[in-house]
Amino acid sequence: MDKEELIKILHATESPDKIAKWLRKQYFPEIMNRYNLEASRKRFGLYRNEQIPSNERNLTDVRTRMGVLIEFELARLSNEILPELGIEDVFWSYVVANRFPDLEIRENNGNRLLRLEIKCLQCIAEEKSANFDTLIKDINPNTDFVIVCLWDWDDGGNDTCQWDLAPKLFKMYVFHAYSLAQLRDTYWLNKPPADLGTGYQGFDVRYAVTCTDSVFSKEQGNYGKLTRIWKKDFAYRPVETPALLDTEAEYIKFQREIIRAGFEILAKKQLSELRNGEISYIVYEGQNIGYAVEDVGYVMKAMRKSKVQEIALQNRLSILVSMTEKYRSTIYKMQPDSIDELAKNEKPKNVVEIINQS
DNA sequence: ATGTCGATCGTGAAGGTGTC
DNA sequence: GACACCTTCACGATCGACAT
């Protein structure tokens, strides 16, 4: 990493889209590598059959806490890098008050430079939905960025430490905060609920405000959900700047990849519990739509029974699991002359047992 | 039958109000 | 004043009715 370049970025003296690209291509890949080293991961691991809740409601608590811990560790690693490069007068600080953002780069005199909001999503969460609800008026277009960390528990990477599982970062996404907020608001304001009545959907001094049958209320926490911010080809568009286009492209990629990442982890894990062979891809019409081991396959694509049969035949499968975007599964079992549906709309945690019992 | 979208949850800090 | 009980917040998420 180039010292002079890093100093320029941290001082936010480059254009926002250039900062976003640099953070995305140079900086956070290095941070992610360091985070994923055994020396760092071992401090977050689960050892000797330690368990975390499996119940959905309490799982969320663990995810929230992991979010805080990852955020802290990113800053800690960053503060390790600075002196390595001989930068002594700048540091990453934690914003203690519950307000935007999470981390601020500061000079020793307290002057604020780059500011970062960290969001963490677990790959296999059924509906990944951290909220970015900071109002535009609170965002500085020159210094503020949103960093999304995609993580999950992973049993690999332990050489000297004997953890069962430790969190691993799979991908980090960088968004220009102001552009992301513009996309969010352009979408939200132009897509109010159908039952507004005579009211409006908008903002007061502190919050997004929504309206149902002419009764106003503080928005309940759906505004700014990361998975609901923007849609490709939406009819209304904010003013296009390089930063906005960069953020839009990153967002579209993000939306697709985070769903796929969870599917990959779930499919591979369940396949390894069901069969012992090597994992292969399931390819359909030139597209990689899933994974198979021996006679069991997982795909993430809606399909009719005729197509299920075709894919099963091509890949010599007797069991095919088809997952939706929220990893709800339909389990098909091939019979000589027909196809049985072992389960429909099933949660991921039940799938392996259903297959084993059939 | 899948995707969309509003409503709601559990946590650990704490503040606010009511009852004795 | 002591205590019970309800509500607040941000966080990352899940639920479930309804639209497509």
Side-chain angles (χ1 to χ4, degrees), chain A residues 52-72 94-103 117-135 138 146-153 167 173 184 187-197 199 201 206-213 215-232 234 254-256 258-259 262-263 299-308 321-332 341 343-350:
Chain A
I52 49 173
S54 56
N55 157 303
E56 279 78 9
R57 278 277 171 257
N58 301 103
L59 249 181
T60 306
D61 317 338
V62 178
R63 288 167 178 161
T64 303
R65 182 159 166 76
M66 273 310 305
V68 177
L69 291 172
I70 289 172
E71 173 191 323
F72 173 84
Y94 310 101
V95 175
V96 179
N98 265 321
R99 62 152 175 91
F100 174 87
D102 294 317
L103 304 172
E117 172 79 4
I118 312 292
K119 300 285 178 193
C120 294
L121 304 176
Q122 187 176 353
C123 294
I124 65 165
E126 290 161 27
E127 190 179 337
K128 295 171 266 297
S129 56
N131 294 49
F132 174 54
D133 56 3
T134 308
L135 297 185
D138 298 321
V146 176
I147 314 297
V148 180
C149 305
L150 190 61
W151 71 277
D152 216 308
W153 298 101
Y173 298 89
R184 175 196 66 198
Y187 186 76
W188 190 69
L189 291 172
N190 287 294
K191 228 174 171 314
D195 54 355
L196 272 180
Q201 180 160 270
R206 289 180 301 167
Y207 314 112
V209 174
T210 188
C211 189
T212 304
D213 295 330
V215 179
F216 287 101
S217 59
K218 181 183 168 188
E219 206 281 338
Q220 308 91 323
N222 298 306
Y223 170 68
K225 270 187 176 170
L226 283 181
T227 47
R228 304 184 187 181
I229 281 185
W230 181 248
K231 285 218 171 57
K232 197 169 182 263
F234 188 60
F254 158 83
Q255 237 175 2
R256 183 168 24 101
I258 60 168
I259 291 170
F263 167 72
V299 295
M300 202 174 68
K301 203 175 177 71
M303 53 181 76
R304 291 169 184 280
K305 279 201 173 178
S306 59
K307 208 158 137 189
V308 170
V321 180
S322 161
M323 285 190 172
T324 69
E325 292 191 346
K326 289 186 186 175
Y327 314 129
R328 292 297 180 123
S329 302
T330 306
I331 311 172
Y332 299 99
E341 239 176 52
K344 236 182 199 173
N345 206 30
E346 195 61 59
K347 288 198 160 229
K349 64 180 177 187
N350 302 324

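In what follows, chains carry the letters A, B, and so on, assigned in the order in which the sequence lines appear, proteins first and then strands, with residues in each chain numbered from 1.
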Exercise. Round to a whole Å and report the spacing from NZ of A:Lys349 to C1' of C:dT14.
Key: 11 Å
Quiz prompt | Closest to the A:Lys347 side chain, choosing from C:dG12, B:dA1, C:dC15 | solution = C:dC15
Quiz item: Within the structure, does a side-chain N or O atom of A:Arg228 lie under 4.0 Å from either OP1 or OP2 of B:dG3?
Solution: no
Quiz item: Taking the side chain of A:Lys326 as its heavy atoms from C-beta onward, which of C:dC11, C:dC15, C:dT14 lies nearest to it?
Solution: C:dC15
Quiz prompt | Electrostatic pair A:Lys344:A:Glu346 at N-O distance under 4.0 angstrom | solution = no
Quiz item: Quick one: A:Met300 CE to B:dG3 P, roughly how many Å, whole number?
Solution: 9 Å
Quiz item: Reckon A:Thr324 touches a base, only the sugar-phosphate, or nothing at all at heavy-atom distances under 4.0 Å?
Solution: sugar-phosphate
Quiz item: Using the benzene-type ring in the case of Trp, are the ring centres of A:Tyr327 and A:Phe263 under 6.0 Å apart?
Solution: no
Self-check item: For A:Asn131 against A:Asn222, the heavy-atom pair lying closest together
Solution: ND2-N, 4.1 Å
Quiz item: If you check every side-chain atom of A:Lys344, which of B:dC5, B:dA1, C:dC11 has the closest atom?
Solution: B:dA1
Quiz prompt | Closest nucleotide among C:dC11, B:dG6, C:dT14 to the A:Ala125 side chain | solution = C:dT14
Quiz item: Does a side-chain N or O from A:Lys225 land closer than 4.0 Å to OP1 or OP2 of C:dA13, or not?
Solution: no
Practice problem: Provide, to the nearest angstrom, the distance between the CG atom belonging to A:Asn131 and the C1' atom belonging to C:dT14. | Solution: 13 Å
Practice problem: Nearest whole angstrom, please: distance from the C1' of C:dA13 to the CE of A:Met66. | Solution: 15 Å
Quiz item: Hey, is A:Glu126 close enough to A:Lys326 for a salt bridge, meaning N to O under 4.0 Å?
Solution: no
Quiz item: Given atom CD of A:Glu219 and atom P of B:dG6, what is their separation to the nearest angstrom?
Solution: 8 Å
Self-check item: Proximal nucleotide (of C:dC11, C:dT14, B:dG3) relative to the A:Glu325 side chain
Solution: B:dG3
Quiz item: A:Glu127 CD to B:dC9 P: how many Å, rounded?
Solution: 16 Å
Quiz item: Which nucleotide in the list B:dT4, C:dC11, C:dT14 gets nearest to the side chain of A:Arg63?
Solution: C:dT14
Quiz prompt | Among C:dA13, B:dG3, C:dT14, the one nearest A:Leu121 by side-chain distance | solution = C:dA13
Quiz item: Whole Å only: how far is the CG atom of A:Leu69 from the C1' atom of C:dC11?
Solution: 13 Å
Exercise. Would you mind classifying the nucleic acid contact of A:Glu126 as base, sugar-phosphate or nothing, using non-hydrogen atoms under 4.0 angstrom?
Key: sugar-phosphate
Quiz item: Could you give the CZ-to-C1' distance, from A:Arg65 to C:dC11, as a whole number of Å?
Solution: 13 Å
Exercise. Please determine which of A:Ile259, A:Ile229, A:Val148, A:Leu150 meets the side chain to side chain contact (heavy atoms under 4.5 Å, CB included) test together with A:Phe254.
Key: A:Val148
